[in-house]
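A quick write-up on the structure given underneath.
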Amino acid sequence: MHLLRLAALLSIVGLVSCATDSPHRRAQSFGEHGPYCADIEAAFRIDFSTDRAARLKRIASVVDLSSHEQVFLIEAALVGGFSSDQADVLSALASNPGLTGEARSYLGSNIERIDFSTERQRVVDAMIENDAGR
């Protein structure tokens with residue numbers, strides 16, 4: 001009986017820690033929810049990395065994403081999956097002419113979370129190219 005109570009307590013603690021450390025939670029300090037938050041959340045919930053990345057990449061190309069949505073997208077892209085998929089999404093966002101200064105700084109400070117240096121370089125190159133076009 002005590003083991004069942006302990007298991008229930010541990011699962012509740014696990015759920016709470018997941019909720020407090022979710023990608024959307026980390027974006028809270030970058031403003032209010034926007035119209036694309038639900039789309040980003042739905043894409044984030046897709047299990048297969050390549051399918052998730054394809055959906056997130058389409059969203060990353062939307063020019064009028066808010067800073068909150070862009071940071072949420074960065075976090076959603078960086079949680080799990082293949083480095084190449086992460087780089088595809090983040091390169092699309094880095095190339096977006098609507099990339100905000102806040103999101104650009106956040107992306108730059110989190111670029112090391114991509115495992116492979118070649119994939120990190122793709123994102124950095126996209127950021128540099130976007131800066132040159134402004």
Going by the rule side chain to side chain contact (heavy atoms under 4.5 Å, CB included), which residues pair with [X] if we only count those two or more places apart in sequence or in a different chain?
{"X": "Ser91", "result": "Arg122, Val123, Ala126"}
{"X": "Gln121", "result": "Val124, Asp125"}
{"X": "Arg120", "result": "Ile111, Glu112, Ile114, Ser117"}

Would you mind reporting whether [Y] and [X] have side-chain heavy atoms less than 4.5 Å apart?
{"X": "Asp64", "Y": "Tyr36", "answer": "yes"}
{"X": "Ser95", "Y": "Glu129", "answer": "no"}
{"X": "Arg113", "Y": "Glu75", "answer": "yes"}
{"X": "Gln86", "Y": "Glu119", "answer": "no"}

Check: Asp115 side chain, Ser83 main-chain N or O, donor-acceptor pair, under 3.5 Å: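 Side chain of Asp115 to backbone of Ser83, a donor-acceptor pair under 3.5 Å: no, none is there.
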
Nearest atoms (heavy-atom pairs only) where Leu107 meets Ala94: CD2-CB, 4.1 Å

Separation of [Y] [atom2] from [X] [atom1] (nearest 0.5 Å):
{"X": "Ile40", "Y": "Leu65", "atom1": "CD1", "atom2": "CG", "answer": "6.0 Å"}
{"X": "Leu93", "Y": "Arg104", "atom1": "CG", "atom2": "CZ", "answer": "11.0 Å"}
{"X": "Phe44", "Y": "Cys37", "atom1": "CZ", "atom2": "SG", "answer": "13.5 Å"}
{"X": "Glu69", "Y": "His33", "atom1": "CD", "atom2": "NE2", "answer": "10.5 Å"}

Let me check something: any side-chain donor-acceptor pairs from residues 52-60 under 3.5 Å, sequence neighbours excluded? List them with distances.
unit_1, atom_1, unit_2, atom_2, d
Arg52, NH1, Ile46, O, 2.7
Arg52, NH1, Asp47, O, 3.3

Partner residues of Thr100 under the side-chain hydrogen bond (donor to acceptor under 3.5 Å, both in side chains) criterion, sequence neighbours left out: Ser67, Gln70

With sequence neighbours excluded, residues passing side-chain hydrogen bond (donor to acceptor under 3.5 Å, both in side chains) with Ser105: none

Between Asp85 and Ser49, a side-chain donor and acceptor under 3.5 Å: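 Asp85 vs Ser49: donor-acceptor pair found between side chains.
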
Common cluster, Leu90/Phe82, ILVMFWY with side-chain heavy-atom separation under 4.5 Å: no

